[in-house]
Number of protein chains: 2
Amino acid sequence: MATMNDVARLAGVSASTVSYALTGVRPVSEATRERVRVAMDQLGYRPNALARGLASNRTRILALLFPAIERGLGGTALEFVTAAAETAREHGCHLVLWPTGDDEVGETHELVHQGLVDGLVVMEVKLDDPRVDLLRSTATPFTLIGRTARPDGLPYCDIDFELTVRGALDHLSGLGHEHIALLSHSEASLAAGYGPTVRVQKAFEQQTSERGLPALVRHCDESADAGRAVAADLFRTHPEVTALVTMNDDATFGAVAEIVEGGRDVPGEVSVLSVVSSPRVGALSHPRLTTMAAPGAELGRLGVESVITRVEQGDSPVVRELIPCRLDAQATTGPAPGTHAHTPPGTP
Amino acid sequence: MATMNDVARLAGVSASTVSYALTGVRPVSEATRERVRVAMDQLGYRPNALARGLASNRTRILALLFPAIERGLGGTALEFVTAAAETAREHGCHLVLWPTGDDEVGETHELVHQGLVDGLVVMEVKLDDPRVDLLRSTATPFTLIGRTARPDGLPYCDIDFELTVRGALDHLSGLGHEHIALLSHSEASLAAGYGPTVRVQKAFEQQTSERGLPALVRHCDESADAGRAVAADLFRTHPEVTALVTMNDDATFGAVAEIVEGGRDVPGEVSVLSVVSSPRVGALSHPRLTTMAAPGAELGRLGVESVITRVEQGDSPVVRELIPCRLDAQATTGPAPGTHAHTPPGTP
DNA sequence: GGCATTCGTCGAAGCGCTTCGTCGAAGCGT
DNA sequence: ACGCTTCGACGAAGCGCTTCGACGAATGCC
């Protein structure tokens with residue numbers, strides 16, 4: 001593997017000149033630059049990232065920190081990652097996904113102090129997240145996807161859960177529903193302080209109360225089976241419910257199956273609206289799910305841009321963005337039973 | 001950030017001794033090692049990965065190369081990644097996911113010559129993959145997940161598509177089916193030489209022929225809608241078909257929906273078996289899909305282990321592993337119509 | 001025409017670590 | 001008591017690059 005010295009020798013210049021020709025930090029005459037360029041591709045030279053990083057304290061590598069164990073990269077995370085990687089590339093950076101194991105904090109600590117990355121994007125942020133406390137005390141720029149309970153002064157990009165819930169309730173209220181239940185993530189995720197679980201539940205309880213509706217919340221593990229079980233129990237104990245807001249892709253499928261098998265028509269008797277999901281996932285269901293799509297791509301782009309900005313000028317203002325999910329009305333939501341209904345689509 | 005020299009000074013030893021205490025490359029007395037240890041965590045010292053890599057030519061970082069644009073990290077890819085990351089960790093390595101953009105080859109080239117990684121695991125290998133040609137000519141160890149058309153001498157881990165198709169046909173034949181169609185990935189993926197598409201199709205055609213069955217193959221884009229359309233067309237032109245082998249998660253959901261809506265009972269009249277999928281995805285369907293689960297975790301583990309072995313001793317024998325998918329019989333496969341059938345499960 | 005500028009280039013130092021050659025001190029046998 | 005080995009620790013070189021101070025040549029000005 002050719003080194004910079006090889007290039008310098010071949011081009012008949014000094015190593016520092018090669019460096020300047022490469023980085024443009026200092027001016028180099030057109031003629032010299034050309035000679036260097038020729039020498040480089042004659043040797044197939046590639047700068048060694050390690051040496052460069054060591055000398056310049058700048059690697060142009062960003063890490064996307066995510067806990068591998070958890071629910072992992074779900075359907076919506078993919079477009080997040082893709083957008084993030086693309087954005088990084090546009091800025092001449094690399095974005096590596098850095099899965100953390102059981103010892104999240106330790107591994108994060110190591111990553112940061114290893115000097116391997118210029119900055120990081122932190123996924124799956126909990127309301128009380130020890131990684132954040134750690135990062136606060138280091139010099140490495142970072143941005144959260146999600147946010148802690150009190151994200152004062154921290155840069156973050158997150159879903160606007162209040163607006164999302166508002167959108168969901170508006171949609172269902174507009175269809176005449178008055179008994180709306182929330183099918184959320186697991187109790188465990190609530191206990192762990194997983195932001196979406198907590199924030200959606202809070203928004204749901206508050207906004208239903210504002211509208212004078214009862215607030216019925218059920219937690220559910222991340223599986224179709226759990227969805228079935230919870231839905232069965234819910235409609236046994238609360239047969240008056242006519243609409244379900246779900247935030248739990250796997251469980252949603254189970255719930256819909258259970259409702260239909262239990263003899264209730266969807267959306268004739270029960271409407272289902274899956275939030276923080278995506279049309280693509282919704283299309284897998286039959287009838288096709290009405291969803292509110294998580295703004296994965298937007299968050300990925302914003303998150304990376306925010307980090308890069310702070311890497312390049314540490315004093316730049318902190319980015320805080322909240323983006324709501326977009327409604328994609330499909331076949332699982334329709335007028336509440338007894339409403340002056342035009343027949344909803346998808347009814348046999 | 002404390003350096004090795006700081007530690008050395010505090011411990012009253014030389015820098016090289018600290019290094020030896022840390023790596024164990026040369027013996028260090030118990031007493032000295034302890035002093036170094038104390039100094040280290042007094043200073044919160046973390047070795048700088050860049051400097052270490054530069055000096056030792058060994059970063060303990062492995063890259064998992066995947067084309068971000070493509071179908072991306074599907075449902076089964078998650079457990080693959082998780083297992084791979086975990087395995088790397090067990091060996092004291094880091095596994096970073098390295099998404100490549102449009103210029104796959106260029107980015108791979110850069111990655112390899114940057115010296116940033118010790119080895120790589122290449123995902124989404126095509127039958128004729130320029131990245132592989134590139135990697136062959138470099139010194140960096142790598143292992144393919146998938147394989148090229150003629151993977152002579154290359155280390156790879158892949159799904160055993162022949163055995164998988166055999167398993168699928170055995171299952172369906174055992175249930176009395178004689179008109180079995182294959183619903184595969186898109187034409188585009190076939191044209192691009194995507195291994196699974198090509199190999200499953202070939203195995204399907206060969207094995208149906210061996211069994212004296214007609215070979216009916218349909219390609220289909222990766223979406224529920226495309227699945228619907230293709231299924232509709234298939235059963236219009238070939239009403240005799242009683243079983244569908246699918247390899248296309250999104251399309252499978254659409255196909256099942258279409259079949260049911262078209263008035264055919266699943267599995268009473270048509271059986272559906274989704275291969276290279278997973279029980280988790282199968283559980284989202286109603287009725288629950290019979291699947292053959294891709295051995296994601298096994299492949300991830302094997303792939304990483306193979307690379308690490310070659311990193312540590314370059315002359316180790318080349319690993320080649322083929323693992324079939326596991327059958328998980330659920331509710332979408334049952335006896336062919338007209339067979340001396342006990343009522344299949346899930347029939348109303 | 002002489003002096004201050006500017007431009008382009010060079011050399012050397014250093015980033016934080018590993019590694020190799022070396023050397024003193026201790027342990028062994030005779 | 002002597003040389004021999006073994007053990008543990010040291011110092012210096014070097015990995016491939018960036019960066020800073022410096023310097024010669026070309027340029028500008030009065």
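By convention in this document, chain letters (A, B, ...) are assigned in the order of the sequence lines, proteins followed by strands, and residues within each chain are numbered from 1.
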Asks: How many Å lie between CZ on B:R58 and C1' on C:dT19, as a whole number?
Replies: 15 Å

Asks: Look at atom CG of A:D103 and say whether more than 12 heavy atoms of other residues, nucleotides or ligands are closer to it than 6.0 Å.
Replies: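 Enclosed.
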
Asks: Can a side-chain donor-acceptor contact be found between B:S306 and B:T309 if the only test is distance below 3.5 angstrom?
Replies: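 Result is no, nothing qualifies.
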
Asks: Over how many whole Å does the gap from A:E34 atom CD to C:dG8 atom P extend?
Replies: 16 Å

Asks: Side chains of B:L50 and A:L116: does their closest heavy-atom pair fall under 4.5 Å?
Replies: yes

Asks: Testing B:Q313, B:E312, B:R310 for side-chain contact (heavy atoms from CB on, under 4.5 Å) with B:P141, which one passes?
Replies: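 The passing option is B:R310.
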
Asks: Please report the distance, rounded to the nearest Å, between CG in A:N57 and P in D:dT19.
Replies: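 Rounded to whole Å, this separation is 10 Å.
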
Asks: Is it possible for you to check whether A:R320 lies under 6.0 Å from the centre of the six-membered ring of A:Y156, through NZ or CZ, and within 45° of that ring's axis?
Replies: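 The answer is no, since A:R320 fails at least one limit relative to A:Y156.
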
Asks: Any base atoms under 4.0 Å from A:P27, or only sugar-phosphate, or nothing? Heavy atoms, all strands.
Replies: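 Base, at least one base heavy atom under 4.0 Å.
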
Asks: I'd like to know if B:D128 pairs up with B:K126 as an ion pair, taking the criterion as any Lys NZ or Arg NE/NH1/NH2 lying under 4.0 Å from an Asp or Glu carboxylate oxygen.
Replies: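 Judged by the 4.0 Å cut-off on N to carboxylate O distance, B:D128 and B:K126 do not form a salt bridge.
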
Asks: Just the rounded figure in Å: distance from P of C:dC7 to CZ of A:R33.
Replies: 14 Å

Asks: What is the per-nucleotide protein-contact pattern of nucleotides 10-17 of chain D, from the 5' end, where B denotes a base atom under 4.0 Å from a protein heavy atom, S denotes such proximity for sugar-phosphate atoms only, and - denotes neither?
Replies: BB--BBBB

